[in-house]
*Asks:* 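Got a structure here, written out as structure tokens. Questions coming.
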There are 2 protein chains.
Amino acid sequence: MSKGAVVLLDCWANPFCLRAKIALAEKGVEYEARAENLFGGKSDLLLKSNPINKKVPTWPSPPLLPSRAYGTAKTRFWADFIDKKVFDAVCNIRKSKGEVPETAKNEFIEILKQLEGALGEKDFFGGDSFGFVHVIAIPLTCWFYAVEKFGGVKVENECPKFSAWMNKCMQRDTVARILPDPEKVYEFVIMLRNMFGIE
Amino acid sequence: MSKGAVVLLDCWANPFCLRAKIALAEKGVEYEARAENLFGGKSDLLLKSNPINKKVPTWPSPPLLPSRAYGTAKTRFWADFIDKKVFDAVCNIRKSKGEVPETAKNEFIEILKQLEGALGEKDFFGGDSFGFVHVIAIPLTCWFYAVEKFGGVKVENECPKFSAWMNKCMQRDTVARILPDPEKVYEFVIMLRNMFGIE
């Protein structure tokens with residue numbers, strides 16, 4: 001599988017495959033359609049990627065959401081928690097006028113500790129692979145350096161397991177090449193604070 | 001906008017944009033991130049593509065589903081109708097043993113006439129642009145030549161408006177380059193019938 005390409009396991013005349021290909025083309029998504037021999041013997045990739053019904057069209061890329069309803073529900077719960085809690089806690093600190101109140105710092109740490117509890121002894125939220133919760137959470141972490149500078153909160157000291165998880169995610173190519181440098185984000189926060197007259 | 005590229009209107013430090021970019025990268029979708037100046041003046045493309053909240057991330061590509069709930073509900077109704085009715089009607093004809101029964105032919109025509117009624121005097125289902133119903137319906141039409149050959153049903157004569165809609169869709173680049181030649185599909189149907197011992 002070529003790196004960075006959407007692969008579609010395909011049959012040329014199958015209307016369901018044709019639908020997928022037209023929709024991808026309408027959205028401007030490039031893809032590689034790989035012909036399956038549906039009568040002569042399906043590929044190992046198809047059998048592995050779609051073990052239940054073994055049908056095309058199938059995308060062999062790993063799913064971001066778990067396949068079971070309970071796993072999906074937990075994922076959505078934590079994604080919602082991160083959306084509502086972490087984002088607001090970061091904003092409260094970076095927008096503070098004067099010294100950052102202790103309540104704002106404590107709330108930020110408390111929220112990360114709750115996430116640490118959800119992580120438990122695992123490497124990743126909800127199991128052993130990078131998924132939806134990570135896509136939601138990791139972009140907020142490049143703002144944590146600014147939180148440290150303004151609020152004096154060092155995530156590494158307060159929440160070492162959460163910090164280890166951040167470092168593990170940063171080893172992932174899609175994260176490492178997309179997340180901006182936290183120092184650049186810190187400078188951006190200074191610019192924002194100046195722009196909005198926050199001393 | 002370069003042809004065939006996913007464009008994302010972006011701000012480099014915005015966590016919501018970062019989420020979108022990590023998810024696209026995880027799925028292997030190539031994209032072009034275009035920087036918006038959120039303080040100096042948003043682009044016309046952003047204002048046109050996301051006129052309600054004017055926020056990034058925004059995809060400027062036209063949506064396949066209508067923006068209003070009523071339009072979406074109608075779209076889903078017709079997509080479901082096509083899924084359940086047209087596909088089965090085509091299968092009934094192409095799998096018929098011996099002469100195709102009149103009931104199977106009449107049912108096929110009746111279903112297309114119902115779609116003609118939904119199309120009305122418009123060029124496209126539900127309005128004046130290519131959308132979700134078209135993505136669902138148009139892949140089935142390359143099987144109609146086989147239906148004609150086996151069932152003696154000429155869609156052009158029976159349902160001229162539906163036929164004109166098919167021709168209009170075929171002028172669309174994403175459809176024209178993806179749909180296979182109906183004669184090739186007809187040969188494929190002959191092969192399938194031989195394989196399954198249908199005379």
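Naming convention: chains lettered A, B, ... in sequence-line order (proteins, then strands); numbering from 1 in each chain. We use all heavy atoms of the structure for the numbers below, so side chains are in, but hydrogens, waters and symmetry mates are not.
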*Asks:* Please report the interatomic distance CD1(B:Ile178) to SG(A:Cys17), rounded to the nearest 0.5 Å.
*Replies:*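 The CD1 atom of B:Ile178 sits 11.5 Å away from the SG atom of A:Cys17.
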*Asks:* Once the angle between the rings of A:Phe16 and B:Phe87 is folded into 0 to 90°, is it parallel (under 30°), tilted (30 to 60°) or perpendicular (over 60°)?
*Replies:*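 If you compare the ring of A:Phe16 with that of B:Phe87, the planes turn out perpendicular.
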*Asks:* With a sphere of 6.0 Å drawn around OH of B:Tyr70, does it hold more than 12 non-hydrogen atoms of other residues, nucleotides or ligands?
*Replies:*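 Not buried by this count: 12 neighbours or fewer within 6.0 Å.
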*Asks:* Atom CG of residue position B:Asn37 - does it have more than 12 heavy atoms of other residues, nucleotides or ligands inside 6.0 Å?
*Replies:*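 More than 12 within 6.0 Å, yes.
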*Asks:* Under 4.5 Å from any heavy atom of chain B, what part of A:Leu24 do you find: side chain, backbone, both or neither?
*Replies:*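 It is neither, since no heavy atom gets under 4.5 Å.
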*Asks:* Using the rule given for side-chain contact (heavy atoms from CB on, under 4.5 Å), can you reason through B:Leu18 versus A:Leu140, listing the C-alpha separation, both sets of side-chain angles and the distance that settles it, and then say yes or no?
*Replies:* CA-CA 9 Å; B:Leu18 292 168; A:Leu140 295 164; over 6 Å; no
*Asks:* Tell me if the NZ atom of B:Lys113 is crowded by more than 12 foreign heavy atoms within 6.0 Å.
*Replies:*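 Enclosed: over 12 neighbouring heavy atoms sit under 6.0 Å from NZ of B:Lys113.
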*Asks:* Using the rule that Ile, Leu, Val, Met, Phe, Trp and Tyr join whenever any side-chain heavy atoms are under 4.5 Å apart, tell me whether B:Leu45 and B:Leu47 fall into a single cluster.
*Replies:*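 In one cluster with B:Leu45: B:Leu47, no.
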*Asks:* Can you confirm whether more than 12 heavy atoms, excluding those of A:Lys95, are under 6.0 Å from its NZ atom?
*Replies:*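 For A:Lys95, atom NZ is not crowded (no more than 12 foreign heavy atoms under 6.0 Å).
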*Asks:* Using heavy-atom distances under 4.5 Å, tell me whether A:Leu38 contacts chain B through its side chain, its backbone, both, or neither.
*Replies:*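 Contact with chain B is absent: no heavy atom of A:Leu38 under 4.5 Å.
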*Asks:* If every non-hydrogen atom of A:Glu26 is compared with every non-hydrogen atom of B:Thr174, which pair is closest and at what distance?
*Replies:*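 Heavy atoms of A:Glu26 and B:Thr174 come nearest at OE2-OG1, 2.5 Å.
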*Asks:* Within the supplied structure, the quantity of interest is the number of heavy atoms (other residues, nucleotides, ligands) at a distance under 6.0 Å from B:Lys168 NZ; does it exceed 12?
*Replies:*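 Check fails, neighbour count at 12 or below.
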*Asks:* Relative to chain B, which of A:Tyr31, A:Trp59, A:Phe130 shows the most heavy atom pairs under 4.5 Å?
*Replies:*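 Option with the greatest count: A:Phe130.
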*Asks:* On the ring face of A:Trp12, is B:Lys184 found with NZ or CZ under 6.0 Å from the centre and within 45° of the axis?
*Replies:*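 B:Lys184 over A:Trp12 ring: yes.
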*Asks:* Output yes when a side-chain donor or acceptor of A:Trp143 lies under 3.5 Å from a complementary backbone atom of B:Ala13, and no otherwise.
*Replies:*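 Yes.
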*Asks:* Name the option with the most non-hydrogen atom pairs under 4.5 Å to chain A; the candidates are B:Ile138, B:Leu179, B:Val175.
*Replies:*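 Ranked by contacts with chain A, first place is B:Leu179.
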*Asks:* NZ of A:Lys85: more than 12 outside heavy atoms within 6.0 angstrom?
*Replies:*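 Incorrect, the count does not exceed 12.
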*Asks:* Write down the atom of B:Pro15, the atom of A:Pro139, and the distance for their closest heavy-atom approach.
*Replies:*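 For B:Pro15 versus A:Pro139, the nearest heavy atoms are O-CB, 3.5 Å.
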*Asks:* Give me the atom names and distance for the closest heavy-atom approach of A:Ile136 to B:Arg19.
*Replies:*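 It is O-NE, 2.9 Å.
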*Asks:* Looking only at heavy atoms, what is the nearest atom pair of B:Lys27 and A:Leu64, with distance?
*Replies:*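 Scanning both residues, the minimum pair turns out to be NZ-N, 3.9 Å.
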*Asks:* Is the number of heavy atoms from other residues, nucleotides or ligands under 6.0 Å of A:Asn157 CG greater than 12?
*Replies:*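 Yes - once you tally the heavy atoms of other residues, nucleotides and ligands closer than 6.0 Å, there are more than 12.
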